[in-house]
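Residue numbers start from 1 in every chain, and the chains themselves are labelled A, B, ... in the order their sequence lines are given, proteins ahead of strands.
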Amino acid sequence: MSEASLDFIREIITEDVKKGKNGGRVHTRFPPEPNGYMHIGHAKSVLLNYGIAKEFNGKFNLRFDDTNPEKEDQEYVDAFKRDMHWLGADWEDREFYAADYFDRLYDWAEQLIRAGKAYVCDLSSEEISEYRGKAVKVGDKIITPPGKDSPYRNRSVEENLDLFLRMRAGEFPNGSKTLRAKIDMAHPNLNMRDPVMYRILHTPHQRAGDKWCIYPTYDWAHGQSDSIEEITHSICTLEFENHRPLYDWYLDQLGIHHPQQIEFARLRLTYTVMSKRLLLQLVQEGHVRGWDDPRMHTIAGLRRRGYTPEAIQELVKRTGVTKTESIVEFELLEYCLRQDLNKRAQRAMAVLDPLKVTIANYPDNQVEEFDAVNNPEDLSAGTRKVPFSKMLYIEREDFMENPPKDFFRLAPGREVRLRYACLARCTNVVKDASGKIVELHCTFDPASRGGEAPDGRKVKATLHWVSAKHAIDAEVRRYEHLFTKEDPLDVEEGKSFLENINPNSLIVLQGCKLEPSLASAKSGDHFQFERKGYFCVDPESTSGKLVFNRTVTLRDEWAKIQKGQKK
RNA sequence: UGGGGUGUGGUGCAAUGGUAGCACACCGGCCUUUGGAGCCGAGAAUGGAGGUUCGAAUCCUCCCGCCCCAGCCA
């Protein structure tokens, strides 16, 4: 029936719906911790969960798993919501917080204590770890011998109840006591060796205020939160596979609705880091200009850089859903982006590194306007007028005095097309005292108005240009990968990933010359600067001073040839 | 001689016992008023060894590689 094959998660859900599991209902969720900004790795999870809910006529929740007040912040909550909406995910009115379930979680904890399935433990963090059992290396193998029972494991229900109440009441300092599930200290899965359910944290919560001084661990909160929301399929990443038996155990002990957890491999991209810890470090230490720095692979950064939701959606679609850990080449994202922008970005001419050109045989004060196509991929976008006059700017790299064979562009004596304007031939090169080229003299063919060759003669190159007297100045921020290595974490023993930061990741170009139609460009607008790439107006841009970000270059044959020659 | 996962061209994903296919990347060509876009073509893969079968990426056995787990992080 369906032409494309389903990924394994959709296959499972299709089967569940067919069997009438959960009454045929599908309900998913995205459960971020608000301890940083959303990045492109999260996007996959959001789009997967939201997409499934939509495809199966189900519902999709947003829930913040805010169980650690020491790391979380309202700023991150707001950012997640903004970024998710931008990406196209819609949770309607279902915005939830684990913190809103703290009361129920507390009651459930008491229930487990009464059932003899949980106890208050006085062991320190180090002791708990020690009792849990140390991994031992035997040859190449790692063995985890059974752990030891905590000496507090057999406290009476009454004592546990009393202690737990006093933990909540604030009688004990941080770290002095925990509530632990009583499972099995010899279990081969370390998560089942009496995991901590509550820890004492005398820290107010960004949402719950100072109501609590004990906080549930993620493991104790997560599964039940899904259960409370009647989630049918709890989709999460691979590293939680080991936790599933624990979530199952909690749910079964409590006898409450049991969502099915399914794990998939998170999205990884070359030249990026997806760890919120490292992203936070980049921001806090000032290696980038903030969470929305266009070099960051946060959603906010990508948006500011000029990436579109459609490109990210397409990437996610193309990379699929599997359990194999893989690293997607960044080039695929760029391909998706160019595909999208090519269809919708209005074209414009902009000279980033200007070289002055005088058209010697053009009348001194004459100005004429040529028609330029706004988007050759979408003729309904119409045309615009571009002014032309005797003094122009062209791109410095479009001229070479002694060109190699492969160089098609302007050179002494050579004729090229000035896009939409005319054919022009270089007659003279003007240099300053140091030998630097400061200006070119050209002559144009009056019969070639609009750029058409009157006799059908061919020129090998078409250059973009801007009329000097009509040009508007702009700042252009040229970006490259933030890291020089495909795997930014690939560093020598003891060195930091910061060593792999690309010193050229941002180059600010001042005095760029833009065609006048760009004067009205608004923050967030996308353009293709012909022959240069896709650019986006930065939020810092003002009508007095335009600022553009280079989103991505065009595919560039010439750059490839040059690269090949250098070898 | 712990537990849980996972191995298909360079990369990502398909093929669910029956011709190993698609995309990106790379290379070559065509076309072009963007060295863009588009079009055409080439090269390139089932971790290994056995076994079952007329037939194996797929089923079985053993081996090997890689990832996750020893937070009172998520």
Side-chain angles (χ1 to χ4, degrees), chain A residues 4-5 7 11 31-33 35 65 67-68 70-71 121 123-125 128-130 132-136 138-147 174-180 187-193 195-201 214-215 217-219 221-222 237-245 263 265 270 276-277 318-329 331-336 338-339 342-343 347 349 372-373 376-377 406-409 417-421 423 450-453 459-464 528-533 553-561:
Chain A
S5 60
D7 60 65
E11 235 167 52
E33 184 194 17
N35 66 342
D65 270 336
T67 53
N68 186 351
E70 293 185 328
K71 291 185 177 173
C121 182
L123 255 25
S124 70
S125 169
I128 286 180
S129 152
E130 209 181 300
R132 190 130 48 206
K134 285 194 169 57
V136 181
V138 177
D140 294 344
K141 305 278 185 186
I142 292 169
I143 304 160
T144 316
N174 286 359
S176 60
K177 281 180 169 48
T178 58
L179 182 73
R180 294 226 263 164
H187 198 105
N189 182 338
L190 275 345
N191 292 127
M192 301 295 272
R193 319 250 266 218
V196 171
M197 294 162 61
Y198 276 90
R199 73 277 211 191
I200 299 171
L201 238 39
I214 59 171
Y215 290 94
T217 57
Y218 174 84
D219 280 348
H222 183 75
T237 44
L238 253 24
E239 69 269 28
F240 294 107
E241 211 154 15
N242 292 329
H243 296 242
R244 193 177 52 210
E263 307 85 6
T270 55
K276 277 200 255 178
R277 199 191 99 240
R318 281 172 176 261
T319 50
V321 183
T322 66
K323 297 192 71 155
T324 61
E325 291 192 38
S326 55
I327 304 179
V328 175
E329 289 174 338
E331 287 80 354
L332 182 60
L333 210 210
E334 294 187 328
Y335 171 81
C336 295
R338 291 188 184 110
Q339 286 284 306
N342 179 44
K343 286 178 297 186
R347 312 289 125 121
M349 291 200 284
V373 175
E377 303 294 321
D406 293 330
F407 186 82
F408 300 158
R409 282 110 94 146
R417 172 181 298 108
L418 296 176
R419 184 134 159 106
Y420 298 125
L423 265 29
E452 217 75 58
V459 290
K460 290 190 92 172
T462 298
L463 308 187
H464 62 281
Q528 184 198 96
F529 290 173
E530 296 219 25
R531 306 206 306 131
K532 298 308 292 182
T553 62
L554 258 20
R555 272 182 55 208
D556 188 346
E557 284 297 318
W558 172 236
K560 233 183 253 180
I561 292 166

Peer 1: Do A/Asn242 and B/C68 share a donor-acceptor pair, side chain to base, under 3.5 Å?
Peer 2: yes
Peer 1: Using the P atom as the reference point in each nucleotide, state the distance between B/U6 and B/C60 in Å, no decimals.
Peer 2: 14 Å
Peer 1: Between the base of B/G35 and the side chain of A/Arg531, is one N or O donor paired with an acceptor at under 3.5 angstrom?
Peer 2: no
Peer 1: Paired stems touching RNA chain B, three or more consecutive Watson-Crick or G-U pairs with both distances under 3.5 Å?
Peer 2: B:2-7 with B:64-69, B:10-13 with B:21-24, B:27-30 with B:38-41, B:47-51 with B:59-63
Peer 1: Would you say a side-chain N or O of A/Lys323 is under 4.0 Å from OP1 or OP2 of B/G4?
Peer 2: no
Peer 1: OP1 or OP2 of B/C72 less than 4.0 angstrom from a side-chain nitrogen or oxygen of A/Arg132, does that happen here?
Peer 2: yes
Peer 1: P atom, B/C64 versus B/A74: distance in rounded Å?
Peer 2: 37 Å
Peer 1: Can a side chain N or O of A/Arg199 be found less than 4.0 Å away from OP1 or OP2 on B/C73?
Peer 2: yes
Peer 1: How long is the gap from CG on A/Asn189 to OG1 on A/Thr144, to the nearest 0.5 Å?
Peer 2: 10.0 Å
Peer 1: So, do A/Asn35 and A/Asn68 sit near enough that their side-chain heavy atoms are less than 4.5 Å apart?
Peer 2: no
Peer 1: Across the strands shown, which category fits A/Arg193 at heavy-atom distances under 4.0 angstrom: base, sugar-phosphate, nothing?
Peer 2: nothing
Peer 1: Please figure out whether A/Arg409 or A/Asp7 has its closest RNA chain B nucleotide nearer the 5' end.
Peer 2: A/Asp7
Peer 1: When rounded to the nearest Å, what value does the distance between P atoms of B/A25 and B/A20 take?
Peer 2: 27 Å
Peer 1: Could one point to a donor on the side chain of A/Glu377 or the base of B/G36 with an acceptor on the other under 3.5 Å away?
Peer 2: yes
Peer 1: If only side-chain N and O atoms of A/Thr217 are considered, is one of them under 4.0 Å from the OP1 or OP2 phosphate oxygen of B/G71?
Peer 2: no
Peer 1: Under 4.0 Å, heavy atoms only, any strand: does A/Leu554 hit a base, just the sugar-phosphate, or nothing?
Peer 2: base
Peer 1: Is the base of B/G10 touched by the side chain of A/Glu329 through a donor-acceptor pair closer than 3.5 angstrom?
Peer 2: yes
Peer 1: Any N or O donor-acceptor pair linking the side chain of A/Asp556 to the base of B/G35 at under 3.5 Å?
Peer 2: no
Peer 1: Is there a side-chain polar atom (N or O) of A/Thr322 under 4.0 Å from OP1 or OP2 of B/C13?
Peer 2: yes
Peer 1: Are A/Thr324 and B/C13 close enough that a side-chain N or O sits under 4.0 Å from OP1 or OP2?
Peer 2: yes
Peer 1: State whether the distance check finds a donor on one side and an acceptor on the other, under 3.5 Å, for side chain A/Glu331 versus base B/U11.
Peer 2: no
Peer 1: Base, sugar-phosphate, or nothing: which does A/Arg555 touch, judged by heavy atoms less than 4.0 Å apart?
Peer 2: sugar-phosphate
Peer 1: Test your reading of the model: is there a side-chain donor-acceptor pair from A/Asp406 to the backbone of A/Trp558, 3.5 Å cut-off?
Peer 2: no
